[in-house]
Structure formats: structure tokens, C-alpha cells
Peer 1: 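I'd like to ask you about the structure that follows.
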There are 2 protein chains.
Amino acid sequence: MVAAMVTTGTRERLVTTAQRLFASQGVGPTSPRQVLEASGVGQGSLYHHFPTKHDLAVAAVGATVEQALTAARRDLEGDGSGDPGGGVEALDRVVAYVTRPREALAGCKVGRLTSDQAVMDDDGLRDVVTAYFVRLLAAVTATLREAGLPADAARDRAHAAVAVVQGGYVLARATGDEDAMRAAVRGFVALLAPEARR
Amino acid sequence: MVAAMVTTGTRERLVTTAQRLFASQGVGPTSPRQVLEASGVGQGSLYHHFPTKHDLAVAAVGATVEQALTAARRDLEGDGSGDPGGGVEALDRVVAYVTRPREALAGCKVGRLTSDQAVMDDDGLRDVVTAYFVRLLAAVTATLREAGLPADAARDRAHAAVAVVQGGYVLARATGDEDAMRAAVRGFVALLAPEARR
DNA sequence: GTCTATATGTTGATAGAC
DNA sequence: GTCTATCAACATATAGAC
């Protein structure tokens with residue numbers, strides 16, 4: 001337990017470098033060679049820590065998913081006062097989630113992977129992506145239930161909220177205009193919470 | 001003009017085969033070799049009609065975009081009666097567009113290309129994708145204006161509508177559940193047109 | 001744990017005969 | 001217009017010394 005954290009420097013550099021390259025160009029188009037060159041480690045070193053590209057991808061995509069989920073939960077769980085109504089209203093927390101500033105032109109680090117054949121053809125990687133969206137949808141649905149919506153409506157609107165964000169990324173990248181995402185989110189929020197206090 | 005249509009058999013087979021392969025696995029991961037083998041033509045034949053992969057991709061993606069835009073306009077332009085209010089109400093045509101049955105698990109043939117590095121790194125291909133979404137958003141915006149919305153609201157809600165469809169594809173692929181798209185669309189339509197006649 | 005050298009397949013494209 | 005043969009570069013590793 002004590003010694004377990006000592007020798008992870010190279011491994012962590014490989015993972016964070018892979019996360020960055022995967023985010024900018026996808027998993028399929030990123031070669032192990034690119035990762036090791038950008039990390040400044042040798043070939044044998046990469047293959048020592050990650051025998052296959054799959055192993056490296058699971059580590060990097062897993063880390064990215066955890067970070068994204070943590071950020072979403074920060075928005076959705078409010079101030080953690082544990083006092084119902086004491087923090088930000090539930091509906092406003094969903095609005096906070098969908099309106100959070102995003103690097104729209106870069107695309108969603110996780111959502112983009114659903115179009116990455118190297119990811120979708122790999123059972124282990126696809127499961128990581130699936131788990132992210134299942135958990136994210138569950139968190140948004142729970143917050144909308146807290147806001148007083150019945151189960152079916154909460155589920156459908158949670159799907160719509162997450163879809164607007166994902167589609168906003170697509171529109172921003174397609175048009176080369178990061179305001180396209182903001183327009184999509186504005187259009188949705190105007191319908192979901194016309195009185196949103198912001 | 002008369003002779004121009006005679007010798008296009010092989011070329012068209014290459015284009016439709018490329019469209020199919022691009023739709024199922026993306027442009028980047030599809031090799032010219034795969035296209036010619038699936039088409040049943042020889043190597044020299046492909047490179048005679050399309051000197052580079054770029055040329056083939058422009059032809060195939062261009063054809064896919066035209067087909068997708070035609071389908072969207074069929075939904076959005078109503079019955080073509082030219083009689084304002086004589087056909088389907090404008091708002092219901094937008095509802096018809098977002099609710100049209102889609103192969104959610106396959107992903108959007110055009111939207112998926114925004115995550116395809118081979119497309120986004122190629123100026124000519126990216127322009128084709130950009131033009132598709134610009135024209136689609138314009139068509140949805142125009143229909144919402146027709147429904148009586150002011151310009152800003154029409155623009156924002158059009159972005160939201162297209163984003164929900166694109167995000168619906170992402171959710172369906174990510175979760176492996178084609179009902180995820182239907183849930184997103186239901187959630188959006190319930191807000192956009194609570195009284196939607198369907 | 002890290003290094004250099006090497007292996008094997010695939011990619012996008014070209015050459016030149018028919 | 002179509003064919004077979006070939007190519008240089010790159011992808012994903014593997015081998016084995018240090």
C-alpha cells in the first residue's frame with residue numbers, strides 16, 4: 001500500500017498524454033508511437049506498462065470518464081448542504097449543468113468516442129463509454145425527480161438535456177462556430193425553465 | 001449531355017459502396033482497398049475514377065449529404081400545398097422532423113463525420129459537412145418562424161431541435177439502446193409542442 | 001524498467017501491360 | 001477503362017541487451 005504509489009511516474013505520464021491525444025484526434029487515429037514520443041519515454045517503456053494499445057486506451061478513457069462524471073456531479077448535486085431547498089433549486093442545477101461553459105469546438109471527450117470505431121469495436125472500451133452515459137443520465141434524472149417531475153417525464157427530459165449538450169458539440173464542430181452550442185442550450189433552457197434564475 | 005451518362009456504372013458503384021462503408025465505420029478507417037473489394041472492381045479502376053481517397057470521399061459524402069437534406073426538407077416543407085395553414089401546421093412539421101424514425105444505433109451518417117479526423121482535417125470534406133448543418137438549421141429555423149416565433153427564439157429552438165436529434169444518436173450508440181433517442185426526442189417535444197397533434 | 005533493433009501487416013498510391 | 005504487380009511509409013507490436 002505504501003510502496004504502491006512510488007513507481008507510477010512514467011505510467012501516469014503515458015496516461016495523461018494518451019488522454020490529451022485521444023481528446024484531440026480520437027483513439028483509432030492515435031498510434032502508440034505518437035503517445036510514447038509525446039510522453040518522451042522509450043518504446044520498450046510503453047509496452048512494459050501497457051502490453052497492448054487496448055490496455056493503454058482503457059486506462060486513459062477510464063480516467064477521462066471519471067473526470068467528466070465528477071464535473072457533472074458537481075453541477076447536479078448542488079452545494080452539498082444536504083438541506084432540501086437549502087442549496088440551489090434542483091431545476092436550476094440541471095440548468096447549471098447544461099449551461100456550463102464547454103470547449104465546444106473540441107467536441108465532448110467522451111461523446112466523440114461513440115463515433116470512434118476503434119472504441120466501439122472493443123468490448124472493454126465500449127463498456128466504459130456506456131457506463132459513463134448510464135451514470136450521467138441517472139444523475140440528471142434524479143435531479144429532475146428532486147425538482148418534482150414524475151418518473152417518465154424526468155427520464156425523458158434528462159435524455160433531452162444530455163442530448164442537447166452532445167448535439168451542441170456536434171453543431172459547434174460542424175459549423176465551426178462555438179456559439180452554435182450556446183444557441184442549442186439557450187433554446188432548450190427557454191423551454192425547460194423559462195423562469196431560470198441565473 | 002447525351003453521352004455524359006453512359007459510362008458511369010463503375011463510378012456509381014464505387015460511390016454507393018463508399019457511402020455504405022463510410023456510414024458503418026467512418027471515412028478515416030475505410031481504406032480505398034476495402035471500397036474496391038466490396039465493389040468488385042480492380043485497383044486500377046478505382047484510381048482511374050478517383051485519383052485519391054479525398055476525391056472518392058468528396059463524391060460519397062456529397063451524395064450522402066444531399067440525400068439527408070432532401071429527407072429533412074420533405075418533413076419540414078409539409079405537403080407543398082403552398083397554402084399557409086392548408087397543409088400541416090408549421091410547428092407540427094418540426095415535430096415530424098425530430099420524431100421521424102431513425103436508425104439510432106447506426107449514428108447519423110453526417111453528424112458522425114464531425115468526429116472523423118480524416119474528414120475534419122480535410123478542408124473540402126469539412127466544408128461539405130458544414131454546409132449540410134448550415135442548410136438544415138436554416139430550414140428548421142424558417143419553419144419555426146413560419147410557426148410564429150420571433151427570429152431569436154426560432155434560431156435557438158432550431159439549434160436545440162437539431163441538437164436533440166444529433167445527441168439522441170450519441171445516447172443511443174453509447175447506451176446500445178435505440179430507445180434512448182426516442183426518450184430524448186419525447187422529452188424535447190413535450191416542451192416544444194405540449195399539444196402536438198400526432 | 002528502460003533501451004535499440006527488428007518483424008509483420010496494412011495503407012494510400014503508382015507503374016505499366018492489356 | 002481495367003488489370004496485376006509493386007512501393008514507401010506507418011501501424012502494432014516483439015526480442016533481447018542493459
Side-chain angles (χ1 to χ4, degrees), chain A residues 2-22 24-61 113 116-125, chain B residues 2-22 24-61 113 116-125:
Chain A
V2 172
M5 305 180 66
V6 175
T7 56
T8 52
T10 298
R11 187 187 175 92
E12 285 178 359
R13 292 236 313 286
L14 288 166
V15 171
T16 54
T17 301
Q19 285 187 262
R20 185 165 45 80
L21 289 173
F22 289 171
S24 81
Q25 56 185 13
V27 175
T30 301
S31 68
R33 192 175 300 248
Q34 268 185 293
V35 175
L36 67 87
E37 281 172 0
S39 308
V41 312
Q43 264 147 338
S45 216
L46 187 160
Y47 284 100
H48 169 72
H49 292 289
F50 302 102
T52 69
K53 180 178 175 177
H54 163 88
D55 297 314
L56 173 60
V58 168
V61 172
L113 301 178
D116 195 321
Q117 211 58 20
V119 172
M120 300 305 280
D121 285 349
D122 181 315
D123 289 0
L125 283 177
Chain B
V2 173
M5 305 180 65
V6 176
T7 57
T8 51
T10 299
R11 185 187 176 93
E12 283 178 3
R13 291 237 312 288
L14 288 166
V15 170
T16 55
T17 302
Q19 284 187 263
R20 185 165 45 79
L21 291 172
F22 289 170
S24 81
Q25 56 186 13
V27 175
T30 301
S31 68
R33 194 174 298 247
Q34 267 185 292
V35 176
L36 67 87
E37 280 171 0
S39 308
V41 312
Q43 264 149 336
S45 218
L46 187 160
Y47 283 99
H48 169 73
H49 292 289
F50 302 103
T52 70
K53 180 179 175 177
H54 163 87
D55 298 314
L56 174 60
V58 167
V61 172
L113 302 178
D116 194 321
Q117 211 59 19
V119 172
M120 299 306 278
D121 285 349
D122 181 315
D123 288 0
L125 284 177

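Being a predicted model, the structure only gives us computed values, none of them experimental. Protein chains get the first letters and strands the later ones, always in sequence-line order, with residue 1 at the start of each.
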Peer 1: Rounded to the nearest angstrom, tell me the gap between atom CD in A/Q117 and atom P in C/dT10.
Peer 2: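 So the two atoms are 18 Å apart, to the nearest Å.
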Peer 1: Grab the CZ-P distance between A/R13 and C/dG1 for me, whole Å please.
Peer 2: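 Rounded to whole Å, this separation is 15 Å.
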Peer 1: Without decimals, in angstroms, what is the distance between B/E37 CD and D/dC3 P?
Peer 2: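 Spelled out: CD on B/E37 to P on D/dC3 is 13 Å.
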Peer 1: How long is the line joining CD of B/Q43 and C1' of D/dT6, in whole Å?
Peer 2: 10 Å
Peer 1: Check whether A/E37 reaches the backbone of A/Q34 with its side chain - one donor and one acceptor, N or O, closer than 3.5 Å.
Peer 2: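 No; zero donor-acceptor contacts below 3.5 Å.
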Peer 1: Would you say B/D121's side chain and B/A118's backbone share a donor-acceptor pair under 3.5 angstrom?
Peer 2: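 No; zero donor-acceptor contacts below 3.5 Å.
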Peer 1: Round to a whole Å and report the spacing from CG of B/L14 to P of D/dC3.
Peer 2: 10 Å
Peer 1: Kindly compute the distance separating CE (B/M120) from CG (B/L125), expressed to the nearest 0.5 Å.
Peer 2: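 Answer for the CE-CG pair, B/M120 versus B/L125, is 10.5 Å.
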Peer 1: Looking at NZ of B/K53 and OG1 of B/T30, how far apart are the two atoms once the value is rounded to the nearest 0.5 Å?
Peer 2: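 The NZ atom of B/K53 sits 6.5 Å away from the OG1 atom of B/T30.
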Peer 1: Do you know which of B/L113, B/L56, B/D116 makes side-chain contact (heavy atoms from CB on, under 4.5 Å) with B/V61?
Peer 2: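 The passing option is B/L113.
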Peer 1: In whole angstrom, what separates A/L36's CG from C/dT4's C1'?
Peer 2: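 Roughly 13 Å, once rounded to whole Å.
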Peer 1: By nearest atom, which of the nucleotides D/dA11, D/dT14, C/dT11 is closest to the A/Y47 side chain?
Peer 2: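 Minimum distance to the A/Y47 side chain belongs to D/dT14.
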Peer 1: Quick one: the side chain of A/R33 and the base of D/dT12, do they pair up donor-acceptor inside 3.5 Å?
Peer 2: yes
Peer 1: Answer yes or no: does a side-chain N or O of A/H48 lie under 4.0 Å from OP1 or OP2 of C/dC3?
Peer 2: no
Peer 1: What is the distance, to the nearest angstrom, from the NZ atom on A/K53 to the P atom on D/dC10?
Peer 2: 16 Å
Peer 1: For the helix from C/dG1-D/dC18 to C/dC18-D/dG1, what is the angle between the axes at its two ends, each from 5 pairs, rounded to 10°?
Peer 2: 10°
Peer 1: Considering only C/dT14, D/dT2, D/dA13, which nucleotide approaches the side chain of B/S45 most closely?
Peer 2: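 My answer, after comparing the listed nucleotides, is D/dT2.
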Peer 1: Quick check: does any side chain N or O of B/S45 sit under 3.5 Å from a backbone N or O of B/V41, one acting as donor and the other as acceptor?
Peer 2: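 No; zero donor-acceptor contacts below 3.5 Å.
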Peer 1: Measure from CD on A/Q34 to C1' on D/dT12 and round the result to the nearest Å.
Peer 2: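 Going from CD in A/Q34 over to C1' in D/dT12 covers 13 Å.
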Peer 1: Determine: side-chain N/O of B/H49 to OP1/OP2 of D/dT2, distance under 4.0 Å, yes or no.
Peer 2: yes
Peer 1: Calculate, to the nearest 0.5 Å, the distance between atoms CG and CD belonging to B/L14 and B/Q19 respectively.
Peer 2: 11.5 Å
Peer 1: For B/G44, answer base if it contacts any base atom (sugar-phosphate contacts may also be present), sugar-phosphate if it contacts only those atoms, and nothing otherwise; contact means non-hydrogen atoms under 4.0 Å.
Peer 2: base
Peer 1: Please tell me which of A/G42 and B/P32 maps to the more 5' nucleotide of DNA chain C, matching each residue to the nucleotide holding its nearest heavy atom.
Peer 2: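 The answer here is A/G42.
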Peer 1: Of the nucleotides C/dA13, D/dT12, D/dT2, which has the atom closest to the B/T52 side chain?
Peer 2: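 Comparing C/dA13, D/dT12, D/dT2 against the side chain of B/T52, the answer is C/dA13.
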